[in-house]
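The structure appears right after this line, and notes come after that.
Source: prediction; values computed, not measured. One-based numbering along the sequence shown. These numbers come from the heavy atoms of this one structure, side chains and all, not from hydrogens, waters or symmetry mates.
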Amino acid sequence: MRMYDNPVISGFHPDPSVCRVGDDYYLVCSSFEYFPGLPLFHSKDLVHWEQIGNVLDRPGQLPLPVPGTKASGGLYAPTIRHHDGRYWVINTNIDGGGNFVVSAERPEGPWSDPMWIDLTGIDPDLAWEEDGTCWCAFSGPEGGINMARIDPVKGEVLEKPFATWSGSGLKFPEAPHLYRIGDWWYLLIAEGGTERGHSVSVARSRSPRGPWEGAPANPLLSHSGTARSIQNTGHADLVEAPDGSWWMVLLGVRPRGFTPDVHVLGRETFLTPVAWDRDGWPVVAPVPVSHAAPGGAWHPLPGPPARDDFDGSCLAPHWISPFARREGSWSLAERPGWLLLNATGSSLDRPGYTFVGRRQQHHDCRVTALIDPGTGRGGLCVRLDEAHHYEVEAGGGEVRVVARIGPLRQTVARRPAPAGPLHLTVTIRTSNLVPASPELTDGGTTGPDTIVFGLGDPDATDSRPLAELDGRYLSTEVACGFTGRVIGMYATEGTVAFDWFEYAPAMVRDHRRGQGKEGMRL
């Protein structure tokens, strides 16, 4: 029996929505203030996912104005569906126009420009009746789930919204998905808030207009109040496999550290099986850390490449930037084999700077880059938002480590450095590891991890960190918001060149047990 491990898509990949077309599954996630928007994944088995693009990859599709867009703003909660030979995604841009629909003949795109829909609310969904009637369920501005009949091709509202179901009584009923299964229409929602009380509930009706009957066992799924390592479970979508089994994708987090626990990778995508009871209600067990995989073929896929040498003509789809990626802010052509970043802002504390990064997807990992600052200034940054980030920066004949935590900004270490290309390193270790330099840190005994910044070849015997910082200050519970950590390259002065960037999961060695997990050794 093959087993899979949760999460199936690690790191900041929240609000998953999935559809199946034949033997292929397609999944999209929220991306908030980042461009490109709405990462799009493909799978053959619901377990192994490969990012094949982003739904919104052209600046004209995704208005993220600066100023205007804020951290954890932008794109909320997409839904992906396949109908009448086309792929459809409906979504909300809370900072640039509201609700919209895009479509494509092929999931790889190109996707159309947004067709804006005059509906006020978030988390929109699409479902079709057999006669082609299209329903949009969404979380209304007054709370509760609203329903409207729309024309997704023209973006017209054909029947004004009406209230339909408010859930089981928990706060913030949202994230609706409407399905026709057998003789029933089912309405799946999230409620309880997206924190520890997050949960999934369901109702059914003979008509998409209602009236709706809530399941007797609501909430259908919640880890609230449990000691399970996966928490905040909610915002789910259902899909039927070719063998007739049913599955649920949903978001969750993996909190760590001393009470009250914090999560740093963001809300991730999890998979759990669904059964049906005799009365026709879905039944979902607690989300497993590992479980028997869906039947059928097994399709392991590589993740994003560990190292990018920037030899291509465009950036890979997993590279993202906060807010709009300004024209002229980056180039792969000016210095072949290098990524050049041209500063568009002088500080990472305010939107508008030049940054290209990727999601942190492992609790233990190491990022290394070869950087040529020239006469500019830039480096590597671990970002949560403009008020919560750490960076190791080269420029002006030195390398320094800077911490921004809320209203405080401080240079915590600096060292002279030559003008030529430099190795900069960020190593993230879970807190049960012995600190590399005890005099630089308290050992991370209360935080979920320790973030270590280095200069020079990290594998050299004389390598010594510049600084070690407590990772709890770059957590959602401290910074607030809906996103997770992104680690990347930036420039805040002049032009800074990067020859390569490497992200590697780490082998975690517990000093108390002397045992490790496969990966790069810390």
Side-chain angles (χ1 to χ4, degrees), residues 307-312 315-316 319-323 325-358 366-383 386 389-404 409-428 451-460 462-469 485-504:
R307 176 170 166 138
D308 195 329
D309 288 300
F310 304 119
D311 293 327
L315 290 172
W319 290 113
I320 55 177
S321 300
F323 317 109
R325 190 177 285 168
R326 295 187 181 182
E327 185 176 357
S329 64
W330 65 279
S331 173
L332 290 170
E334 289 182 42
R335 187 174 174 180
W338 294 70
L339 171 64
L340 268 60
L341 298 184
N342 300 308
T344 55
S346 60
S347 172
L348 301 181
D349 299 339
R350 295 179 297 277
Y353 51 86
T354 299
F355 176 102
V356 175
R358 57 171 291 168
R366 186 170 73 191
V367 168
T368 307
L370 184 63
I371 172 177
D372 182 0
T375 59
R377 182 177 296 276
L380 298 178
C381 174
V382 184
R383 177 192 189 271
E386 279 63 54
H389 53 86
Y390 299 157
E391 57 257 30
V392 56
E393 179 176 273
E398 70 171 10
V399 170
R400 60 176 182 163
V401 177
V402 179
R404 170 70 193 268
R409 177 183 174 88
Q410 182 175 352
T411 298
V412 298
R414 58 192 345 137
R415 184 180 299 174
L422 306 168
H423 285 91
L424 298 182
T425 301
V426 178
T427 303
I428 300 179
I451 304 178
V452 185
F453 298 89
L455 167 64
D457 185 348
D459 294 321
D462 60 348
S463 177
R464 181 177 177 276
L466 294 167
E468 301 189 11
L469 301 177
R485 288 181 187 163
V486 175
I487 307 176
M489 304 158 284
Y490 72 91
T492 50
E493 183 179 318
T495 298
V496 180
F498 295 83
D499 185 24
W500 50 265
F501 178 104
E502 183 175 72
Y503 173 100

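Proximity of P416 to E398: side-chain heavy atoms (C-beta onward) are nowhere separated by under 4.5 Å. Side-chain contact between L341 and V356 is present, with at least one heavy-atom pair separated by less than 4.5 Å. Side-chain contact between V402 and R409 is present, with heavy atoms from C-beta onward closer than 4.5 Å. You'll find the side chain of L339 reaches within 4.5 Å of the side chain of L315, heavy atoms only.
Smallest separation of non-hydrogen atoms from P373 and A394: CB-O, 3.9 Å. Nearest approach of P322 to R383, heavy atoms of both residues: CG-NE, 3.6 Å. Of all heavy-atom pairs between I371 and G378, the closest is CD1-O, 3.5 Å. Between A413 and A467, the shortest heavy-atom distance links the atoms CB-CB, 4.0 Å. The shortest non-hydrogen separation linking L424 to V392 is CD1-O, 3.8 Å.
By the side chain to side chain donor-acceptor pair (under 3.5 Å) test, W338 is found to be paired with no residue, residues two or more places apart in sequence or in another chain being considered. The side-chain contact (heavy atoms from CB on, under 4.5 Å) check on S346 picks up R350, with sequence neighbours excluded. Residues passing the salt bridge (Lys or Arg N to Asp or Glu O under 4.0 Å) test with D372 are R335, sequence neighbours excluded. With sequence neighbours left out, the side-chain contact (heavy atoms from CB on, under 4.5 Å) criterion links A316 to H318, W319. For R404, the side chain to side chain donor-acceptor pair (under 3.5 Å) partners at least two apart in sequence or on another chain are D349. Residues that satisfy the side chain to side chain donor-acceptor pair (under 3.5 Å) test with S329, not counting sequence neighbours, are absent from this structure. Among residues two or more places apart in sequence or in another chain, the side chain to side chain donor-acceptor pair (under 3.5 Å) test is passed with R415 by none.
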Inset, instruction - Given side-chain contact (heavy atoms from CB on, under 4.5 Å), test V426 with R366 step by step and report yes or no. - result: CA-CA 6 Å; V426 178; R366 186 170 73 191; over 6 Å; no
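The CD atom of E386 sits 3.5 Å away from atom OH of Y353, with the distance rounded to the nearest 0.5 Å. Interatomic distance, L455 CG to R414 CZ, rounded to the nearest 0.5 Å: 14.0 Å. The distance from atom OH of Y390 to atom CD1 of I428, rounded to the nearest 0.5 Å, is 10.5 Å. Between the CD1 atom of I487 and the CZ atom of R358 there is a distance of 8.5 Å, given to the nearest 0.5 Å. Separation of atoms CG (L422) and CG (L370) is listed at 7.5 Å; rounding is to 0.5 Å. Of the inter-residue distances, the one linking L466 atom CG with L469 atom CG reads 10.5 Å to the nearest 0.5 angstrom.
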Contacts table for residues 489-504: side-chain donor-acceptor under 3.5 angstrom, sequence neighbours left out:
from, atom 1, to, atom 2, distance (Å)
Y490, OH, E393, OE1, 2.8
T495, OG1, N342, OD1, 2.7
Y503, OH, Q361, N, 2.9
Y503, OH, H362, N, 3.0
Y503, OH, H362, ND1, 2.9

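Remark: E391 does not engage R377 in a salt bridge, criterion side-chain N to carboxylate O under 4.0 Å.
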